[in-house]
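Everything numeric in this text was worked out from a predicted model, so none of it was measured. Order of appearance sets the numbers: ligands from 1, and atoms from 1 within every ligand.
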Amino acid sequence: MADKDKTNIVILGSTGSIGQQTLEVIDKHPDIFRVVGLAARDEINILREQIEHYHPLAVAITDQDAYKRLSSTTRPGMKIMQGLEGLCEIASLPEADTVLVAVSGAVGIKPTLAAIAAQKRIALANKETLVAAGDIVMQQIKQNGVSLIPVDSEHSAIFQCINGETEYLKKIWLTASGGPFREFSLNDLQKVTVDMALKHPNWKMGPKITIDSATLMNKGLEVIEAHHLFNVDYNQIEVLVQRESVIHSMVELVDGSFLAHLGAADMRIPIQYALTYPGRMESPAQSLDFFGLTSIHFEKPDMQKFPALSLAYYAGNTGGTMPAVMNAANEVAVNSFMQGKISFTTIANIVEKVMEKHNLIKIPVLEDIFQADEWARQTCKQLIEKEANK
Ligand code: NDP
Ligand code: MG
């Protein structure tokens, strides 16, 4: 049963980095939150433990084999949903108040739209959904009168600094750590291995976003995410490297005032805020240690060394189906890099090639976005195969 006195939460991607940290936040406040739904792709061992612990009303699993394996060992009375339809079904679970979307990749689009249509509050970690289908998602948010609270740390920071008032906003300063290869030369970048790229200096995250952070594609995706969330032009979004990840982002107002959000580099803070908004509660995260901080550094990102960031500005400015194409190609390229099929620097190069080949649809409907996404995945795979056979 859902509990009427608590916030009833569905977590899409409960076995991942954000999903598990969300459960830590929930563990800290069992009197406030209740888990009613959990969803993942194929990590059934973690999912089983979560089911034992949280007794959700429903779980969804997209991988068919994993679904079969999970079905045989489940709790009586708990509904198990399957596939992408299952993900959409659990996202609109009648007992849920809030849906935390923490799947990785554009697979988040359909369940996010399902949750919006069912008028759930959305806590959104999954940036790829806004990148690929931001116009449609934001229009649905408006039409259904639901709240969308960002979980991504920079966007949570901006959301808190703006605090509902965009009237005086001049510019968003989106901060970036610069990733593990900030000081590498172009030559060094060509020799980056998967192990090297999977080590982020400040944040512990899932593999895809960790690689994106190393190429700066993550920051590029976040530029597009900020454009949609805060309805600002791309020339009002500036990326600022702040390598200590202490300032999570800033807004500049028309009178020359800057508002910044500071805190420990701990995702449980923005996750919790998305669940308690507009209220706040004690967090399991450590406080920021100012006395242990010797300095804060600022610098401009190097878009020549990290072309993914300029590709994202280009995709965002072009609009239409281009961001979906860039995102889908990037998902494939990152996967191929992790499988050892392409080099680190090939990721952005191949994404660019896919974007160059794309026939843009300027004002796409949802189906156009899905088709562009699929086309980009196939085209990217073909280019990678060609590369391998060279
Ligand atoms: P992880 O790779 O750690 O976790 C991804 C989660 O999504 C897993 O639960 C995975 O299930 C699930 N998933 C992936 N594909 C599917 C699918 N096809 N169907 C159902 N479930 C699926 O990623 P993160 O937690 O790091 O990131 C999640 C999202 O949050 C991303 O969009 C990322 O950009 C964003 N984000 C993450 C941050 C972080 O600190 N980690 C910070 C800001 C944003 P399974 O385990 O079964 O594969
Ligand atoms: Mg971020």
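Every atom of ligand 1 is numbered from 1 in the order shown, and the set under 4.0 Å from a heavy atom of Thr15 is 8 (C), 9 (O), 10 (C), 11 (O), 45 (P), 46 (O), 47 (O). Near Lys127, the atoms of ligand 1 lying under 4.0 angstrom from a non-hydrogen atom of the residue are 32 (O), 34 (O), 44 (C). In the vicinity of Thr62, heavy-atom distances shorter than 4.0 Å reach the ligand 1 atoms 17 (C), 18 (N), 19 (N), 20 (C). For ligand 1, the atoms sitting less than 4.0 Å from at least one non-hydrogen atom of Pro207 are 2 (O), numbered in the order shown with element in parentheses.
Within 6.0 Å of the CZ atom in Phe258, the count of heavy atoms belonging to other residues, nucleotides or ligands exceeds 12. A 6.0 Å sphere centred on CG of Leu186 holds more than 12 heavy atoms belonging to other residues, nucleotides or ligands. Counting non-hydrogen atoms of other residues, nucleotides and ligands closer than 6.0 Å to NZ of Lys79 gives a total of 12 or fewer.
The minimum distance between the Mg ion (ligand 2) and any N, O or S atom of Asp152 involves atom OD1. Within Glu222, the N, O or S atom lying nearest to the Mg ion (ligand 2) carries the name OE2. Here the N, O or S atom of Glu154 that is nearest to the Mg ion (ligand 2) is OE1.
Checked by atom type, the side-chain pair Thr193/Asp195 shows no donor-acceptor distance below 3.5 Å. Glu331 and Asn327 are linked by a side-chain donor-acceptor pair at a separation below 3.5 angstrom, with hydrogens and angles left out of the test. Between the side chains of Ser14 and Gln50, at least one donor-acceptor pair of N or O atoms lies under 3.5 Å. No hydrogens or angles considered: nothing links the side chains of Glu165 and Asn163 as a donor-acceptor pair under 3.5 Å. Inspection of the Glu374 and Gln378 side chains reveals an N or O donor paired with an N or O acceptor under 3.5 Å. Residues Asp188 and Ser185 have side chains that bring a donor and an acceptor to within less than 3.5 angstrom of each other. Using modelled atom types and a 3.5 Å distance limit, the side chains of Glu244 and His297 yield a donor-acceptor pair.
When hydrogens are left out, the protein atom nearest atom 43 (C) of ligand 1 is Asp152 OD1, 3.1 Å; that is the closest non-hydrogen contact. Scanning the protein for heavy atoms near atom 6 (C) of ligand 1, the closest one is Ala102 O, 3.6 Å. In terms of protein heavy atoms, atom 4 (O) of ligand 1 is closest to Gly16 CA, 3.2 Å. Summary of contacts: the protein heavy atom closest to atom 16 (C) of ligand 1 is Arg41 CB, 3.7 Å.
Hydrophobic clustering places Leu216 together with Val194 (ILVMFWY residues linked when any side-chain heavy atoms are closer than 4.5 Å, directly or through intermediates).
When only interatomic distances are considered, the shortest N/O to N/O separation between Gln21 and ligand 1 does not fall below 3.5 Å. Between Gly206 and ligand 1, a contact under 3.5 Å exists for at least one N or O pair. Looking at ligand 1, you'll find an N or O of Gly13 within less than 3.5 Å of one of its N or O atoms. Checking only distances, Lys204 never comes within under 3.5 Å of ligand 1, N or O to N or O. Annotation: Ser17 places an N or O atom under 3.5 Å from an N or O atom of ligand 1; distance criterion only.
The two residues Ile211 and Ala197 make their nearest non-hydrogen contact at CD1-CB, 3.7 Å.
Closest heavy-atom approach to atom 31 (C) of ligand 1 among the candidates Val103, Ile18, Leu84: Val103. Closest heavy-atom approach to atom 36 (N) of ligand 1 among the candidates Ile209, Leu100, Asn45: Ile209. Comparing heavy-atom distances from atom 30 (O) of ligand 1 across Ala66, Ala125, Ser156, Ala106 singles out Ala125 as nearest.
By the 4.0 Å heavy-atom criterion, Glu128 is counted among the residues contacting ligand 1.
The existence of a salt bridge linking Glu387 and Lys341 is excluded, since no basic side-chain nitrogen approaches an acidic carboxylate oxygen closer than 4.0 Å.
At a heavy-atom distance under 4.0 Å, only side-chain atoms of Val107, from C-beta outward, approach ligand 1. The side chain of Met267, and not its backbone, has at least one atom closer than 4.0 Å to an atom of ligand 1 (non-hydrogen atoms only; side chain from C-beta on).
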